Amino acid sequence: MPEGHTLHRLARTLNRTFGSHVVESSSPQGRFTAGAALVDGTRFGRAQAWGKHLLVGVEGSQDMVHVHLGLYGKFAVTKVDDLPVVGQVRWRLTRPGAVADLRGPTACELLAPPAVDILLDRLGPDPLRKDADPDRAWRRIHASRAPIATLLMDQAVIAGIGNVYRAELLFRHGVDPALPGRGLDEATWAAMWDDIVELMKIGVSKGRILTVRPEDSRGPAGRARRGRGGESYVYRRTDLPCLVCGTPVAGSVLGGRNLFWCPTCQHRR
DNA sequence: GCTGTATGCAGAT
DNA sequence: TCTGCCTACAGCG
């Protein structure tokens, strides 16, 4: 699930797996040949996540490898000595005992320092980073007429939230997705920020998006959606009863992305 | 086996 | 607002 928690978990896994090791690096698919060659035979640099972006340092170079998984990219780390190449592997990292295969990313490229700065400058605060400043996000939200649902998905406002966390966060705080940013109360925002920090930390540790409070997951109104992605109040539960009030969950498309909410529970400002 | 769909985003229109 | 990227899986027959 490539929302922010996936990238932070991935950075952790890569650092634990390859940290301090000299790695072999290649691009079996052939679309990252030069970048992979630069990394090949070097000691693995530290991997760091910023929102949905992953940056990996390269020993002996100022450049960094930038990876963005997009909608269906996957970076699979397997504890084996050898693994046949299956499908289109953009980037493969190996050391004795471990293989990491990157497939289907939106971006896998070398970035020079100025390009890294440009990338990071256009990201809002990331709830999973200790240095994140929620006031930066608040100032953008408070000044905007755009719907809060749109703002939460804007990586320049907050970095790392995706469609699942957006839907679930709005539900957990009873906020109408259509509410303009400027209509949101500061106290509500403060509570939402604290909540998303905790929810995404759970996402990192469990490797899944879990947002349903235990007391709601087996309520009389229905069952939380359970899937590969986790468990949800409203995400992908269109027409199923709201876990809290029983009203059928609503679904629509906003800015080309699916949106889910409970018309009864979500009226807060 | 085929079809539809997806947690994202850039670039064209 | 629409299209393309490029992968995996659920659901269907």
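Predicted model, so just to flag it, every value in this text is computed and none were measured. Reminder, nothing fancy here: chain letters follow the sequence lines and each chain counts from 1.
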statement: Considering only heavy side-chain atoms of A/Glu3, the closest of B/dA10, C/dT7, B/dG8 is B/dG8
- line: note: A/Leu69, atom CG; B/dA6, atom P; distance rounded to Å ~ 19 Å
- line: A/Phe75 CZ to B/dG8 P, in whole Å, measures 19 Å
query: From A/His68 NE2 over to A/Cys108 SG, what is the distance, rounded to the nearest 0.5 angstrom?
result: 13.0 Å
- prompt: Given C/dA8, B/dT7, C/dT7, which nucleotide is nearest the side-chain atoms of A/Lys74?
  reply: C/dA8
query: In whole angstroms, how far is the P atom of B/dG8 from the CG atom of A/Leu119?
result: 16 Å
- request: Looking at every strand, decide which applies to A/Arg122 at a 4.0 Å heavy-atom threshold: base, sugar-phosphate, or nothing.
  value: sugar-phosphate
field: First of A/Val86 and A/Leu71 reached from the 5' end of DNA chain C, by closest nucleotide
entry: A/Leu71
- request: Tell me yes or no: between the side chains of A/Glu168 and A/Thr211, is some donor less than 3.5 Å from an acceptor?
  value: yes
field: Minimum-distance nucleotide (side-chain atoms of A/Val164 versus B/dG8, B/dC9, B/dT7)
entry: B/dT7
message: For a quick check under 3.5 Å, do A/Asp216 and A/Tyr233 share a side-chain donor-acceptor pair by atom type?
response: yes
message: Can you measure A/Ile161 atom CD1 to B/dC9 atom C1' for me and round it to whole angstrom units?
response: 17 Å
- line: note: A/Leu254, atom CG; C/dT1, atom C1'; distance rounded to Å ~ 13 Å
message: Between C/dA8 and B/dA10, how many Å separate the two C1' atoms, rounded to a whole number?
response: 22 Å
- prompt: In whole angstrom, what separates A/Arg257's CZ from B/dA10's P?
  reply: 12 Å
- line: Residue pair A/Gly104/A/Gly255 against DNA chain C: nearer the 5' end by closest nucleotide is A/Gly255
query: With respect to the phosphate group of B/dT5, does any side-chain polar atom (N or O) of A/Asn258 fall under 4.0 Å of OP1 or OP2?
result: no
statement: The complete set of salt bridge (Lys or Arg N to Asp or Glu O under 4.0 Å) pairs with one or both residues in residues 89-116 of chain A, sequence neighbours excluded, reads A/Arg92-A/Asp101, A/Asp101-A/Arg103
message: Can you tell me if A/Tyr235 touches the phosphate of B/dT7, counting only side-chain N or O atoms and a distance under 4.0 Å to OP1 or OP2?
response: yes
message: In this structure, how many angstroms lie between the C1' atom of B/dG8 and the CG atom of A/Leu123, rounded?
response: 13 Å
Length of the line joining A/Arg208:CZ and B/dA6:C1', which is rounded to integer Å: 18 Å
field: Partners passing ring-ring contact (aromatic ring centres under 6.0 Å, His included) against A/Trp261 (at least two apart in sequence or in another chain)
entry: none
message: By nearest atom, which of the nucleotides B/dT7, B/dG8, C/dT7 is closest to the A/Arg103 side chain?
response: C/dT7
- prompt: Any idea which of B/dA10, B/dA6, B/dG8 is nearest the A/His68 side chain?
  reply: B/dG8
